[in-house]
2 protein chains.
Amino acid sequence: MSLGHSNVTIEAPDSGEIGQGEPCAALDPVQIQSGCRTVSEVLSRVGDKWSILIVMILASGPRRFNELKRLVDGISQRMLTLTLRNLERDGLVQRTVTPSIPPRVDYALTPLGHSLRVPVSALGEWVMANITTIKDARERFDEELQQRDRLG
Amino acid sequence: MSLGHSNVTIEAPDSGEIGQGEPCAALDPVQIQSGCRTVSEVLSRVGDKWSILIVMILASGPRRFNELKRLVDGISQRMLTLTLRNLERDGLVQRTVTPSIPPRVDYALTPLGHSLRVPVSALGEWVMANITTIKDARERFDEELQQRDRLG
DNA sequence: CGGTATCCGAATGGATACTG
DNA sequence: CAGTATCCATTCGGATACCG
């Protein structure tokens, strides 16, 4: 049923329900556990290979399925469907079917989806602001690792 | 070599190098591709199961390896090592070895690591502010799905 | 104490073929 | 056009055993 076997999150064995909790206060580990778990779970949706990309593209307006497929470049039909389903499930994306022939399906950001862009953009700007530092750190780390490998 | 076979990111076949790009402007799809790919890549580090949790715990001060292992709860030694290595590689965490007997290793957030907390907290607050909406959306989605399954 | 090495099941995700 | 279903390779990640 549904879509093959693996689904980004949909169809997960109904464990891992979201619990309430406080934001990560960086103080009490217990607080961090309860709050961060929740945050992590949503973050992993945002952090997956395609989600933000699609959210950012939909930010400029609604798109049809194959339109998205062309725009995203490299995404398989499977992953596009799966990603859109999960975004829809979380209430970030609205799916609208127009039962014409051929059928027409539009995907648009919900208000919630739009509001997500604010913190995601902030994170995006942090990345862009620090990408050079990160790249340099990686290079130095990898070099030092190779040094050790050469020596033994 | 290194750590078994699978590493969160370390040891990846040296393809996927980070490229420069603009922040996701939600305008030109090409811009979105180049910028968001980079953002995605770092986001997937932040979005993985353990990274933020560890960053948030380290925010309150340096910790030793087994101390972290106890605090994180549920993490395997393998994943703790892997996650810490990658955080170190990205320059977010500083690893300090004190060659005593028994050996002592401390992990601390770098200034870069601390600066990451700002946008991550913002995202965390967005999640906490909207978690109810998301939960409700999921419930409605899953219910409607079951309805359709029952009917055929 | 702070890791590494190895084994192996589970999840991820691309390619392809088929459908209303 | 907008998906589903199936197959299959790759990757992830826990459990366990061992090491300096």
Side-chain angles (χ1 to χ4, degrees), chain A residues 1-13 15-16 40 44-45 47-51 53-54 62-88 93 95-107 145 148-149 152, chain B residues 1-13 15-16 40 44-45 47-51 53-54 62-88 93 95-107 145 148-149 152:
Chain A
M1 70 168 74
S2 207
L3 259 170
H5 56 105
S6 103
N7 308 318
V8 175
T9 275
I10 264 185
E11 297 290 283
S15 53
S40 287
S44 70
R45 165 87 357 91
D48 77 41
K49 207 179 174 187
W50 307 111
S51 289
L53 211 51
I54 290 174
R63 301 281 186 176
R64 300 180 61 174
F65 185 85
N66 279 328
E67 201 176 355
L68 279 172
K69 196 179 167 209
R70 276 189 301 278
L71 284 172
V72 174
D73 168 74
I75 196 171
S76 64
Q77 194 164 29
R78 183 182 139 74
M79 288 317 291
L80 181 55
T81 305
L82 245 33
T83 306
L84 285 170
R85 279 293 170 281
N86 279 290
L87 290 174
E88 189 194 355
V93 158
R95 179 171 178 271
T96 312
V97 184
T98 310
S100 52
I101 297 179
R104 178 195 179 97
V105 180
D106 286 279
Y107 292 92
L145 204 76
R148 265 178 265 288
D149 279 0
Chain B
M1 70 170 78
S2 206
L3 257 169
H5 56 104
S6 103
N7 307 319
V8 176
T9 276
I10 263 185
E11 298 289 282
S15 52
S40 287
S44 71
R45 165 89 355 92
D48 77 40
K49 206 179 176 188
W50 308 110
S51 290
L53 212 50
I54 290 175
R63 300 283 186 176
R64 299 180 60 174
F65 185 86
N66 279 329
E67 201 175 356
L68 279 172
K69 196 179 168 208
R70 276 190 302 276
L71 284 171
V72 173
D73 168 74
I75 196 170
S76 64
Q77 193 164 30
R78 183 181 141 75
M79 287 318 290
L80 181 55
T81 306
L82 246 32
T83 306
L84 286 171
R85 279 294 170 280
N86 279 288
L87 290 173
E88 189 193 357
V93 159
R95 180 172 177 269
T96 312
V97 184
T98 309
S100 53
I101 297 180
R104 177 195 179 95
V105 180
D106 285 280
Y107 292 91
L145 205 76
R148 264 178 265 288
D149 280 358

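It should be emphasised that the depicted structure is a prediction, and the values quoted were computed from it without experimental measurement. A, B, ... follow the sequence lines: proteins, then strands. Residue 1 opens every chain.
Put simply, NZ on A/K49 is 15 Å from C1' on D/dC12, counting in whole angstrom units. Between the CG atom of B/D106 and the P atom of C/dG3 there is a distance of 10 Å, given to the nearest Å. Note: CG (B/L82) to P (D/dC12) measures 9 Å, nearest angstrom. Note: CZ (B/R78) to P (C/dC7) measures 13 Å, nearest angstrom. C/dG3 atom P lies 14 Å from atom CG of A/L145, rounded to whole Å. Here the C1' atom of nucleotide C/dG3 and the CE atom of B/M79 are 15 Å apart, to the nearest Å. Taking atom CD of B/Q77 as the reference point, atom P of D/dC19 lies 15 Å away to the nearest angstrom. We find that CD of B/E88 is positioned 9 Å from P of C/dG3, with the value rounded to whole Å.
Contacts of B/R104 classified as salt bridge (charged side-chain N to carboxylate O under 4.0 Å, His left out), with partners at least two apart in sequence or in another chain: B/D106. In this structure, the side-chain hydrogen bond (donor to acceptor under 3.5 Å, both in side chains) partners of A/E67, at least two apart in sequence or on a different chain, are A/R63.
Distance from the side chain of A/W50 is smallest for C/dG14 among the nucleotides C/dC1, C/dG14, D/dC1.
Here the OG1-CZ distance, from B/T96 to B/R64, works out to 12.0 Å after rounding to the nearest 0.5 Å. Note: A/N66 CG to A/Q77 CD = 6.5 Å, rounded to the nearest 0.5 Å. One finds the CH2 atom of A/W50 at 5.0 Å from the CD1 atom of A/I75 (value rounded to the nearest 0.5 Å).
Near-neighbour residues of DNA chain C inside residues 64-71 of chain B, defined by a heavy atom below 4.0 Å, number-ordered: B/R64, B/F65, B/N66.
The shortest heavy-atom contact between B/V97 and B/R95 is CG2-NH1, 3.6 Å.
Each of A/I54, A/L87, A/L84, A/L80 was scored for a side chain to side chain contact (heavy atoms under 4.5 Å, CB included) with A/Y107, with one residue passing: A/L84.
In this model, the phosphate group of C/dG3 is approached by a side-chain N or O of B/R95 to a distance below 4.0 Å at OP1 or OP2. Between A/Y107 and D/dC1 there is no side-chain polar atom (N or O) within less than 4.0 angstrom of OP1 or OP2.
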